[in-house]
Chemist: 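Encoded as structure tokens, here's the structure I'll be asking about.
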There are 4 protein chains.
Amino acid sequence: MAESASRESRREAASSLAERYRWVRQWTEELCAPLSPEDCVIQSMPDASPARWHLAHTTWFFETFICKPFIPDYRPYHELYEYLFNSYYNAVGAQYPRPERGLLSRPTVREVYQYRSYVDHAVLDHIETAAPEQLAAMEGTLVLGFNHEQQHQELILTDLKHMLSHNPLAPVYTLVGASASKSAAPALRWTGVPGGVHSIGFDGGGFHFDCEGPRHRTLLQDAEIASRLVTNGEWLDFMRDGGYARSDLWLSDGWRTVREQGWQAPLYWVERDGAWVQFTLHGMVPIDPAEPVCHVSHYEADAFARWAGARLPTEAEWEVAAAGLPTEGNLAESRAFHPAPAPPANGGMSQAFGDVWEWTQSAYLPYPGFRAEPGAIGEYNGKFMSGQMVLRGGSCVTPASHIRATYRNFFPPSARWQFTGLRLARDA
Amino acid sequence: MAESASRESRREAASSLAERYRWVRQWTEELCAPLSPEDCVIQSMPDASPARWHLAHTTWFFETFICKPFIPDYRPYHELYEYLFNSYYNAVGAQYPRPERGLLSRPTVREVYQYRSYVDHAVLDHIETAAPEQLAAMEGTLVLGFNHEQQHQELILTDLKHMLSHNPLAPVYTLVGASASKSAAPALRWTGVPGGVHSIGFDGGGFHFDCEGPRHRTLLQDAEIASRLVTNGEWLDFMRDGGYARSDLWLSDGWRTVREQGWQAPLYWVERDGAWVQFTLHGMVPIDPAEPVCHVSHYEADAFARWAGARLPTEAEWEVAAAGLPTEGNLAESRAFHPAPAPPANGGMSQAFGDVWEWTQSAYLPYPGFRAEPGAIGEYNGKFMSGQMVLRGGSCVTPASHIRATYRNFFPPSARWQFTGLRLARDA
Amino acid sequence: MAESASRESRREAASSLAERYRWVRQWTEELCAPLSPEDCVIQSMPDASPARWHLAHTTWFFETFICKPFIPDYRPYHELYEYLFNSYYNAVGAQYPRPERGLLSRPTVREVYQYRSYVDHAVLDHIETAAPEQLAAMEGTLVLGFNHEQQHQELILTDLKHMLSHNPLAPVYTLVGASASKSAAPALRWTGVPGGVHSIGFDGGGFHFDCEGPRHRTLLQDAEIASRLVTNGEWLDFMRDGGYARSDLWLSDGWRTVREQGWQAPLYWVERDGAWVQFTLHGMVPIDPAEPVCHVSHYEADAFARWAGARLPTEAEWEVAAAGLPTEGNLAESRAFHPAPAPPANGGMSQAFGDVWEWTQSAYLPYPGFRAEPGAIGEYNGKFMSGQMVLRGGSCVTPASHIRATYRNFFPPSARWQFTGLRLARDA
Amino acid sequence: MAESASRESRREAASSLAERYRWVRQWTEELCAPLSPEDCVIQSMPDASPARWHLAHTTWFFETFICKPFIPDYRPYHELYEYLFNSYYNAVGAQYPRPERGLLSRPTVREVYQYRSYVDHAVLDHIETAAPEQLAAMEGTLVLGFNHEQQHQELILTDLKHMLSHNPLAPVYTLVGASASKSAAPALRWTGVPGGVHSIGFDGGGFHFDCEGPRHRTLLQDAEIASRLVTNGEWLDFMRDGGYARSDLWLSDGWRTVREQGWQAPLYWVERDGAWVQFTLHGMVPIDPAEPVCHVSHYEADAFARWAGARLPTEAEWEVAAAGLPTEGNLAESRAFHPAPAPPANGGMSQAFGDVWEWTQSAYLPYPGFRAEPGAIGEYNGKFMSGQMVLRGGSCVTPASHIRATYRNFFPPSARWQFTGLRLARDA
């Protein structure tokens, strides 16, 4: 009887893992469904990758970390794919140069879907037949693979948007989800974040990235955080006030970047006949003053905050403020793929999850006691802890099951092609 | 009766033009038939363009210079295509930046074929219905368009080869035409080119590019020219003798380029297990010593000639030597798309046409009395007369009907991605 | 009587300020005394400035912030010097481009000394004659000017060393101070840094930079810090163990830098006949294993710490550990201008001040409650709080009166031309 | 008696060589006399060298090619100078990188003068004591050394002008020689250059560079050449007519350069309060419409000629037109160091020598039958025969004894820092 129950429980565990596997993998392909083969192979900058590469690399992840170590007699799909689709895991081997991902016309998109199918069959078959201890051994890596693929789902859309934006034809990814808001943004209110010793970092059950821990105590000063995100309307005020032309508002690196890049507005904003429009995944649309500003760099967010007489929150302040909130919002599942105006004020912090990633004033550094895991998996986060700033809260292209209050995203302060915005804070 | 004869003659002229139009346009599409959409949109360097761009640009040429000026009520296919597919004609308008041709996933390849079809119908319909004087007025531009498209047919293959060569999978364009020669190259003999006053440049009937004229007299010293092209075997001797490591053999610019680029062999040559192989449109193949060396720059050709105790011919010497020869050889119609060993010696200059473009020691400069034509068509050649060297004779990817003894091709001395080789000359 | 006492006190204050002014200004010129005019005008990289520029810029500082605002009828020495010798104060006006500081042969070094003399007379004359409230008004800026000039005294030597190091003649700045240690370094011991809430940041009287405050409470975990700096001998072990070739030891940005720059040893180390020597201000000398390693980047320091199974200290840990120590050590006044081996162990943290700046794992960010001052002076520190790492403790080219436990120096993680080294830390 | 006469003749030959040696060497030092040490060590771009380098390199030439091979027991001045001051002679050995010539503060200028003195004594002593056959053996190289040093005398001034021009202080090299012309330029007339077979190239006695020969026959078409140089006034007309904004006037490479570099006027021209002034070796002066335009590139010269409905002369046309003229004009000995207006028309070609080097439409290529000499001396000219255009006639900074009708100078078509202008030609 006990054995049978255990067998049942194993079957359920396997079933659940298989279902999640299918669900994650299918969502990736759904995102790519509207794309032509041509859309899938072009690389618009070294930091962005073609959709075809994301489709293959996420598959490479499962092949490398599940199939090869766990499946007996697994026969790799193609000997060169390990080299072509390894992103940055030095422990696994050499990598095809990142800036040249756009030089590859082969494997074709169709061939990459075949690769996906091959690996999917192998993984699912193994999940369903593996012994309980085998399943247990690979569950952690499987779940990491799900989360890894979700990260690439977000990148598929951000990289695609960047690529399409260069096209004078302004191609439309999807017409669904485009909608003009009618209402104004609610007034900004300030919510207290009490000083004192708080604990931050992940400590619950379930999956989390290594950099989210260890949970530890930290000391905050009294502060306040804005009830909603900064809006396009507020950003237009900043622009009208000469925000991009006043050196006193900017960090030194930021000011140099503004001049070198000629920034005069957020990325994807274009002035046409005296009015601002923006390129979106739904095509060119007018700027809606009620929507959260998006596609601004940390430099811009920092300058805006200084202009507004405020500052960016630290990541600890943000996490303390968001700790009790439900992880709901305008996330990828809403299929809007575009930030939306804040709901009417409810007294607390709204828009914490979804819409836009929120720049903080915290550098991406290890928490006290952090140790990278050994081996290739340990390269996941730790080695990027230099020169980057922490972002919190997820965006309109982040899957809901992927985000949580302790989640630490990170990008260089000059990055603009992610769905990035800001929320203000100030000393109390 | 006279009228009828004239009508008949007009019909024949129209018919002949239409047939040539169809033939040229179809050959372009045949060349692209083996390509996937992915193959057609990737740009591997600023100097090379994706096949999709060539397909569209050659169509843009007919739309711009035939449809718009000559066809009443012609409705342009797409308002933005003029901008997207103009190559360098400043007189026509702004151009989408050349180095960013690889950023465009749209129009898709399918849409570009529809564009081709639309313009083809318009042009052919107009050819067949135009009044004789209309036909006469546009015939020159039509024929220029044929020759223009033939140039791009060659570029489709050279640019494609360059792009595919970056792929570790070494994709095969076509298996047809690949063959290993068994025979050795015939011994090199020297053919006299007598000194004195010769006339060079185009003077016959039929089409020619403006830079081929005016025909004029020039004074040569007594010289000799090699009976065949330099072979891979001879190039391997040069390499073994330290050719790429001896500064005394090189022009100063060439030597700097060798060191900066790390050149150690012709482009597409790769050393594997101690032997040299090369990437071709038929995949990776061993180096055949009997074949003409290909994909060498002017700098390399010049250094080789110095090493060999000889020199490159001037373009006048080459033209005088080739003047009486039939325009036959290993040209695109042979569908080998790869240079072939010289035939047995016949006492004169063999391989003059086809196989590889032959670098000369002449800079690409205007002939005495040359004047560029006014307007956009005048931008075709004259404005490139700076910093480039003349090549003669066509290559294995040049259509036979496109080449002739007076044809002046030109590339910068560092260019290697065309099918370029050399023939030696020396003072008599 | 009271008036007289106050007059006396004013005279003493003036006298003291004048003496410090003379002392600081003279030390700058002493540092430059061994230099030829040629040594003073060459710029070896955009980040480094010629000595002539430092001589002029420090003078510009007093002219701009003391003479012009405080001295009635002050006549600027030269109308263009404000433009030529402004470093980065946007609020003051345009700046001659930093990377082109080495393009200026004029003003000659002699002319710059005349400029110094002119401003010195004006400042000293004003100090001695100013009314008490005038003196009080400008005292803060004067003292900032002293500290500013001390920073440039350090840069004069670091920039000079960088420039001289490019010269195959290996020029010697001074023969004085060069000495080979005979003794080995003392064994490394670990000193506890107790966890809990500590206060860090400046709070005493006297001068400090704005970024050292406000003093605030911070929460530490239990940790340990090394008793001495990492030595050349330990660094050689790291190198022999493949430290520069093992990607697993490096931050991602660090690893890219290692490969791009071809780093194989600290800056200024050269391998000669199988042994390592280093360029110093005393010429080329053998590597002494007992000396602290110097001229390593943050990337290298971080990789070394990982290799050693330790980590870099946070700046808070360092400050807590150094809080009670006297600011003594191998500082500029010892005129060694080169790091020295640690003294025999004394149970605590040695070499805290002097020898080499110590990289921490802390990004250079504002302390809680930090606000930049308004106007040009506010550009001093705050605007650099992005992309840089904190260093602590001063070096062998830092004046003793310039350093203290709360001092926060900062450089980008790739910088190596400062006298930078490291001390290990670990979780307790 | 015969022996005595021969001894006498030897003494005279030696005496004459020694006198020329002294004269050439002294003129170099006279040119540098107004310079501070600071002026002598700064490099303003990779193509230009500091005066200190020219002073040393010309000395290196005599040490390398006279002292070392010809003087028994000659002891080189410094073992590293061969490396530091070799320009580009690969046969002699490695070279200190050209773009880093400005990184060397040592040897100081004073030390380089000592080096000059050391070598001068050795050379002069040897000239005066060498046996006749020794003298004969080294005479050719000595005379090459004189001409080599004269080339560097010109470069000292062009490189210095470029360096000083970056200085907002607009330093004055010399006040002597500056003078404003009052008269207008004479009207442009056309002089016939008859077609037919002409001989060009050097064939007389005396020194010439290898690239000036062999003298050979060439065939010209009937042409006409302008009686004087193009003036600033004519250039202003070109500018007012949009010359720098009309793509149809430019070679493709030229047009790209115009846009990339933002050219709107000749080098050193600056617009001030609506009027054009130019930086000269005498400081900033207004543009004189009567003076020849100077510091224009080949691209600009070519565009101007096209705008004027003319063309540049070929080098053969220029040489035929100049063949009979005396080598007189505004050359370095006039110490004006600035071009002067043409004298009143005299029916022929004026300003052929001096004022400005005249761009031709000829690429710098070998004459028929040219062979570079073996060894290091053979690197003098031949290896630069790629990517450069021929200039003729010398400039206001060329020594009179250095120029002749067959002299072929050469620079890349984008170069502007030499004293370069143009003269028009046209088909007859």
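Chain naming here is simple, since letters A, B, ... match the order of the sequence lines and numbering starts at 1 in each.
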Chemist: More than 12 foreign heavy atoms under 6.0 Å from CD of C/Gln264: is that the case here?
Modeler: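 It does not: C/Gln264 CD has 12 such atoms or fewer within range.
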Chemist: Is it the side chain or the backbone of A/Arg311 that comes within 4.5 Å of chain C heavy atoms, both, or neither?
Modeler: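 The answer is neither part of A/Arg311.
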Chemist: For A/Gln388, which atoms come within 4.5 Å of any heavy atom of chain C: side chain, backbone, both, or neither?
Modeler: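 Nothing of A/Gln388, per the 4.5 Å heavy-atom cut-off to chain C.
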Chemist: Contact part of A/Asp427 toward chain C, heavy-atom cut-off under 4.5 Å: side chain, backbone, both or neither?
Modeler: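 Just the side chain, heavy atoms under 4.5 Å.
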Chemist: Let me confirm one number: the CD-CE distance from A/Gln361 to C/Met385, rounded to the nearest 0.5 Å.
Modeler: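 Here the interatomic distance stands at 10.0 Å.
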Chemist: So which part of C/Arg371 gets closer than 4.5 Å to some heavy atom of chain A, the side chain, the backbone, both or neither?
Modeler: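 When you check distances to chain A, only side chain atoms of C/Arg371 fall under 4.5 Å.
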Chemist: Who wins among C/Gly387, C/Pro413, C/Pro368 for the most heavy-atom pairs under 4.5 Å with chain A?
Modeler: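 Counting heavy-atom pairs under 4.5 Å, the top option is C/Pro368.
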Chemist: Which atoms of A/Ser386 are under 4.5 Å from chain C, going by heavy atoms: the side chain, the backbone, both sets, or neither?
Modeler: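 Both backbone and side chain.
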Chemist: Heavy-atom distances under 4.5 Å only: say whether C/Trp255 touches chain A with side chain, backbone, both or neither.
Modeler: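 Only the side chain of C/Trp255 comes within 4.5 Å of chain A.
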Chemist: Any idea which heavy atoms bring C/Thr218 and A/Leu219 closest together, and the distance?
Modeler: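 Answer, listing the atom of C/Thr218 first, then A/Leu219: N-CD2, 3.7 Å.
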Chemist: Among C/His298, C/Arg217, C/His216, C/Arg306, which residue has the highest count of heavy-atom pairs closer than 4.5 Å to chain A?
Modeler: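 Most pairs with chain A among the choices: C/Arg217.
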